[in-house]
Undergrad: 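Handing you a structure now.
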Amino acid sequence: MHDIKLLAVSRKTSLREALARLDLTGAGLLLLVGTDGCFERTVTDGDLRRLLLNGAGLDSSLEQLPPKQSQVIARGASRREALDRMNHHGINHLPVIDENNQVVEVLDRKEIDTQILLSTPHMGDTERDYVEEAFRTNWIAPLGPNVDAFERELAEKVGARHAAALSSGTAAIHLGLRILGVGQGDRVFCSTLTFAASANPIVYQGAEPVFIDSDDSSWNMSPLALERAFEAARKEGWLPKAVIVVSLYGQSADMDPLMSLCERYGVPILEDAAESLGATYKGRASGTFGRIGVYSFNGNKIITTSGGGMLVSDDADVVAKARYLSTQARDPAPHYQHSEIGFNYRMSNILAGVGRGQLRVLDQRVESRREVFASYRTALADIPVITWMPEPDWSYSTHWLTACTISAAAGITRLELMQRMAAELIEVRPLWKPMHLQPVFAGCRYFTAGSDSVADRLFDQGLCLPSGSNMPSDHVDRVVSVLRKYLR
Ligand SMILES: *Cc1c(COP(=O)(O)O)cnc(C)c1O
């Protein structure tokens with residue numbers, strides 16, 4: 001921020017003084033202000049040089065400066081508008097003026113041209129060492145010691161017996177469903193409030209998704225809605241082949257009632273814990289409750305391998321099968337022989353090296369994300385139209401993304417608020433659009449607990465705020481101040 005008092009000169013100011021001020025402030029421009037304090041024009045190095053070349057002495061005043069239409073912007077304009085103005089006129093500074101034509105601030109491109117992103121990769125200190133080791137030993141591909149170690153280390157971290165490192169979380173869900181025997185004509189229950197990658201693999205397998213609503217208390221799958229779906233299925237004489245329980249935004253679903261329902265009907269759970277690595281449910285790691293658990297290391301997740309996933313299970317056969325299917329399903333024969341259709345879904349030794357380094361800082365990343373959430377909650381505690389994603393007492397959430405709803409009483413829609421934030425170069429996102437509302441899943445069945453759909457309401461009102469573990473606190477402050485401005 002530039003000190004406006006130092007930048008302000010008048011027609012009476014000497015050329016010497018003006019040059020000295022330019023030198024002192026380093027802003028590259030001065031503000032010529034009239035006797036009434038009103039802004040007249042900007043004065044640059046070049047303007048002063050031209051006065052000198054036209055014969056003015058160092059002790060002469062700025063009286064000779066010709067009038068000029070300088071670019072200014074009105075107070076209250078967004079960062080985006082200010083940047084557009086700067087870009088259009090090829091300038092790096094822009095005086096902000098109020099209703100009385102007084103300069104209140106000078107915007108500096110360097111300071112305002114910073115985008116606050118939702119969630120960005122955050123590398124630790126050792127990823128590079130593991131990757132360099134892979135280069136040094138030429139373990140570039142296909143598999144190698146980093147893959148084995150990453151599987152072992154992740155399994156140990158979450159308390160699962162076995163793990164298979166794969167090319168993505170989506171690949172892990174796909175293999176998981178396939179291993180659970182999901183095939184043509186089967187049905188699979190799946191949380192409706194989730195990312196499409198939870199449900200797409202159901203269709204890859206030729207099966208049909210049936211969507212289940214969220215619970216208000218966790219935003220994840222409602223045990224009541226699941227019960228209704230099971231009852232309806234039983235009455236119609238069928239059962240789903242599997243249930244995909246998703247744990248959103250760093251928080252586990254309420255596993256106990258969901259598991260006891262699935263046990264009662266004898267249907268296995270595939271836990272989509274892509275967003276909840278590092279979270280716990282009643283003290284145990286999210287992702288280790290289902291027969292199969294899935295994590296993602298996509299670029300925006302809490303830790304990343306730039307792209308990757310992991311399938312975990314306590315069943316050694318399940319994980320062995322995942323490894324086999326992920327490497328083209330090769331039979332143990334001296335030649336290339338296949339008795340099953342396989343996939344190319346294995347993680348590379350290079351990326352596993354990144355994963356090993358990331359795993360070492362997972363706890364710190366969880367801490368930081370929780371701190372970001374706590375800062376938002378504290379700073380916005382007096383704004384009643386914001387409701388944070390609840391964290392039940394059985395949950396230890398990573399707050400991978402700080403998620404909230406904005407009630408209708410705010411007088412601004414979620415979409416309008418998102419546009420305002422975007423104009424301030426702040427990336428916010430709506431909550432996932434429920435799967436039962438997706439055009440591609442039109443016609444799929446959907447079960448709620450009661451008469452209204454919780455997921456629909458969460459989607460209408462929900463917002464994810466920038467939450468990166470590497471987010472500086474002044475960025476949190478910036479998000480807070482823009483929210484305060486529009487949610488008074
Ligand atoms: C990210 C994500 C996935 C997919 O993981 P990828 O590694 O990107 O394939 C699946 N489900 C949920 C809920 C996710 O957020």
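Whatever order the structure lists ligands and atoms in, that order sets their numbers, starting from 1. Both backbone and side-chain heavy atoms feed into the values below; hydrogens, waters and symmetry mates do not. Quick caveat: nothing in here was measured; it's all calculated off a predicted structure.
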Undergrad: Using the ring of Phe289 (Phe, Tyr or Trp, six-membered ring only), decide whether Arg284 places NZ or CZ under 6.0 Å from its centre and within 45 degrees of its axis.
TA: yes
Undergrad: Quick one: is the NZ or CZ of Arg370 closer than 6.0 Å to the six-membered ring centre of Tyr396, and within 45° of its axis?
TA: yes
Undergrad: Looking at Glu275 and Lys301, does any basic side-chain N land under 4.0 Å from a carboxylate oxygen?
TA: no
Undergrad: Is there a side chain to side chain donor-acceptor pair (under 3.5 Å) between Gln205 and His174 once you walk through the steps?
TA: CA-CA 8 Å; Gln205 283 302 101; His174 186 193; 2.9 Å; yes
Undergrad: Any protein N or O within less than 3.5 Å of an N or O in ligand 1? List each pair with its distance, or say none.
TA:
from, atom 1, to, atom 2, distance (Å)
ligand 1, 5 (O), Ser296, OG, 3.2
ligand 1, 7 (O), Gly169, N, 2.7
ligand 1, 7 (O), Ser296, OG, 2.7
ligand 1, 8 (O), Asn298, ND2, 3.4
ligand 1, 9 (O), Gly169, N, 3.3
ligand 1, 9 (O), Thr170, N, 2.9
ligand 1, 9 (O), Thr170, OG1, 2.5
ligand 1, 11 (N), Asp272, OD1, 3.3
ligand 1, 11 (N), Asp272, OD2, 2.7
ligand 1, 15 (O), Glu275, OE2, 2.6
ligand 1, 15 (O), Lys301, NZ, 3.3

Undergrad: Got a sec, which residues hit side chain to side chain donor-acceptor pair (under 3.5 Å) with Arg152, two or more places apart in sequence or on another chain?
TA: none
Undergrad: If you draw the axis of the six-membered ring of Phe459, does the NZ or CZ of Arg414 fall within 45° of it and under 6.0 Å from the ring centre?
TA: yes
